[in-house]
Amino acid sequence: MECDLRFATMSAILSTIQRAKRRFLKRSYGWTGIEIGCHALRMAQVRKLEDRWQLATVWSVEHATPYVRATETESDSAACEETFGWLAPSMLREQGLGTTLDHLENLDSLFLGKKCAATLSDGLIAYRELELPVCAPTEVRSLLQSEITLESECDFEDLLTDYWELPSNRPRSTTNSFGAVSIDRSTAILLANDLLNAGFECRVLDAMPCAMARATSMVMDDPNATSLAIELGYQQTTITLVHDGQPILSRASRSIGLLSFLERVAQSFEINIADAQTLLFQTSTGRMKLPNAEDDFANPLQQKLSGFLQGIAHEIDRTLHYVQRVHRTMVPTQIVLMGEGTRIPSIASAVEEHVGLSTSTWSLNISESLFGNQQIATYAVASALSSLAWEEV
Amino acid sequence: MHVNLLPSSFVLKRLVQQRIRQWACVYGVVGVALILLSFPLLNSWAGARHRLEQLLIAVEPIRDLQAEQIELVKQSMAVEQKLDQLKKTVIIDRSTALLGVVTQAVQAAGRQVQIQEMQVMSNDGQHRLTLRGLAADSESITLFMESLQTSKVFPRVELRSTQERFISERTVQEFQLECLANE
């Protein structure tokens with residue numbers, strides 16, 4: 001009885017403190033957002049000044065050894081890759097986050113607070129769309145998990161799945177569409193523990209489409225507008241249709257990755273990948289445009305780049321055609337570019353020129369404490385993760 | 001909108017740890033506050049205790065006196081008891097002595113007086129002796145009374161009554177005397 005009374009008193013005190021905190025100490029800084037890519041770790045912390053977002057702190061750490069996707073012959077199971085993404089738990093254990101973070105001391109002191117939200121980009125977490133017969137909301141998760149388990153031949157207990165409902169494009173449909181992400185339980189725990197050892201308390205392990213949608217809403221004048229968010233990553237390009245701040249559909253094109261493009265440039269100019277990266281990202285390249293097929297006098301780098309851009313443009317076109325066919329009421333009016341690929345100068349104008357839609361690079365006001373050319377758009381996903389602090393978790 | 005792929009067990013564990021941390025903070029703050037608040041109380045308590053010790057030292061002689069008084073009262077009661085016993089003994093001895101004085105007075109009156117009843121009453125240290133008897137004549141009574149007075153045991157001897165009686169073919173005087181004896 002006395003214990004219950006003490007528990008109730010303590011709970012009352014804690015809830016009062018939390019209410020007072022919410023009322024009087026308005027949160028201004030978000031959590032630390034951590035995007036774990038195959039090449040680097042991007043970390044960002046945003047702050048909210050009245051209704052404006054500001055990028056307060058950013059940091060990026062390259063993996064000592066980039067995660068490299070196994071070839072199809074090396075891959076244990078293609079089905080497992082479809083389910084969990086291509087990040088093998090063994091890879092994460094051997095050269096994973098812990099190895100990267102071990103080299104950095106007091107990394108957590110750069111950011112305010114210990115709480116963080118993380119996600120795995122570059123297809124390290126697989127995303128899929130599934131259709132289920134109309135059922136009770138409580139049954140959806142287990143049905144989705146069973147479906148994924150059957151497809152991947154993985155153990156039901158080893159699978160962690162989360163989902164969101166997608167808008168139905170058929171009025172009298174007997175099925176519901178869901179966007180679902182799944183991850184191996186041991187991988188999730190390993191990641192969370194690695195972050196914990198580095199001083200970060202992981203509260204959310206989010207999915208890329210959701211983070212991209214949130215990042216887009218952060219920079220849109222009208223957050224309810226429909227737009228196409230494109231993340232140009234090292235391993236793949238992810239295109240997400242965002243409507244009213246929610247991801248409606250998401251497609252990953254593994255054939256268009258910055259890494260494969262850099263490899264091609266390096267091979268062509270007989271330089272290493274680091275030099276190819278410097279060559280590609282230098283600001284003196286000038287305004288680029290997609291060269292015509294008969295343009296024989298184009299800059300050799302531009303010629304290489306045109307292939308990359310054409311690939312992106314082709315994927316955007318395919319996505320737009322699909323959207324116009326399936327989601328007629330949600331045709332995007334603008335494109336927001338984010339990710340490592342946005343470091344290519346004038347890529348937004350080149351994409352806009354080709355696709356014919358207003359295109360911009362993700363950008364946010366930066367804090368006075370940040371200086372230099374920070375390549376803000378590469379921290380878009382991390383910033384979106386940081387903003388999760390304002391969502392009820 | 002977001003999803004969360006962290007295992008619920010992990011989230012729960014972290015939540016419990018967080019709650020424990022928060023409770024520990026609350027307990028810590030309350031503990032520190034109590035310690036801070038208790039310092040003045042502790043000081044006043046220590047002062048009060050010191051004062052109490054001084055007062056206890058101060059009342060120590062009074063306690064000794066109280067104990068001594070109780071001892072004295074006990075002794076006094078014992079003495080009183082002994083005194084009562086002695087008084088009773090003294091009364092008996094006194095009665096015997098008075099009887100001796102009366103006997104001498106009878107002899108002094110020429111054995112013409114016969115004491116039939118002798119009653120001794122003690123009150124406030126005074127002994128009142130009442131004698132009833134027979135005398136051959138009034139002169140014998142007078143002699144008897146004079147003899148009692150000359151013994152100096154009875155400063156006051158009063159004749160309460162005389163009555164002539166005829167006993168065994170002889171006229172005698174029945175009398176009653178009241179004598180007051182000194183302590």
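Throughout, protein chains are lettered first and strands after them, A, B, ... in sequence-line order, and every chain is numbered starting at 1.
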Heavy-atom check, side chain of [X] versus side chain of [Y], under 4.5 Å:
X: A/Glu391; Y: B/His2; result: yes
X: B/Val3; Y: A/Tyr163; result: no
X: B/Met1; Y: A/Pro247; result: yes

Does CD in B/Gln107 sit with more than 12 non-hydrogen atoms of other residues, nucleotides or ligands closer than 6.0 Å?
-> yes
So with a 6.0 Å cut-off around CD of B/Gln69, is the heavy-atom count from everything else above 12?
->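 Check fails, neighbour count at 12 or below.
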Under 3.5 Å, which donor-acceptor pairs do the side chains of residues 162-171 of chain B form with other protein atoms, sequence neighbours left out?
from	atom 1	to	atom 2	distance (Å)
B/Glu164	OE2	B/Gln173	NE2	3.4
B/Arg165	NH1	B/Glu174	OE1	3.0
B/Arg165	NH1	B/Glu174	OE2	3.0

From A/Thr187 OG1 over to B/Leu5 CG, what is the distance, rounded to the nearest 0.5 angstrom?
->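 With rounding to 0.5 Å, OG1 (A/Thr187) is 11.0 Å from CG (B/Leu5).
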Any salt bridge between A/Glu201 and B/Lys13, counting N to O under 4.0 Å?
-> no
Between A/Val204, A/Leu160, A/Ile183, A/Leu205, which is the residue that forms a side-chain contact (heavy atoms from CB on, under 4.5 Å) with B/Leu6?
-> A/Leu205
Looking only at heavy atoms, what is the nearest atom pair of B/Asn4 and A/Arg203, with distance?
-> ND2-O, 3.1 Å
Which atom pair, heavy atoms only, marks the closest approach of B/Phe10 to A/Ala192?
-> CZ-CB, 3.2 Å
Would you mind checking which part of A/Thr119 comes under 4.5 Å of any heavy atom in chain B, side chain (CB onward), backbone (N, CA, C, O), both or neither?
->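 Nothing of A/Thr119, per the 4.5 Å heavy-atom cut-off to chain B.
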Which atoms of A/Leu196 come close to chain B, meaning under 4.5 Å heavy atom to heavy atom: side chain ones, backbone ones, both, or neither?
-> side chain
State which residues pass side chain to side chain contact (heavy atoms under 4.5 Å, CB included) with A/Ala380; sequence neighbours excluded, sorted by chain then number.
-> A/Ala215, A/Met338, A/Trp362
After noting the C-alpha distance and the side-chain angles of A/Lys115 and B/Arg14, does the key distance pass the side chain to side chain contact (heavy atoms under 4.5 Å, CB included) rule?
-> CA-CA 11 Å; A/Lys115 292 174 188 171; B/Arg14 299 303 309 163; over 6 Å; no
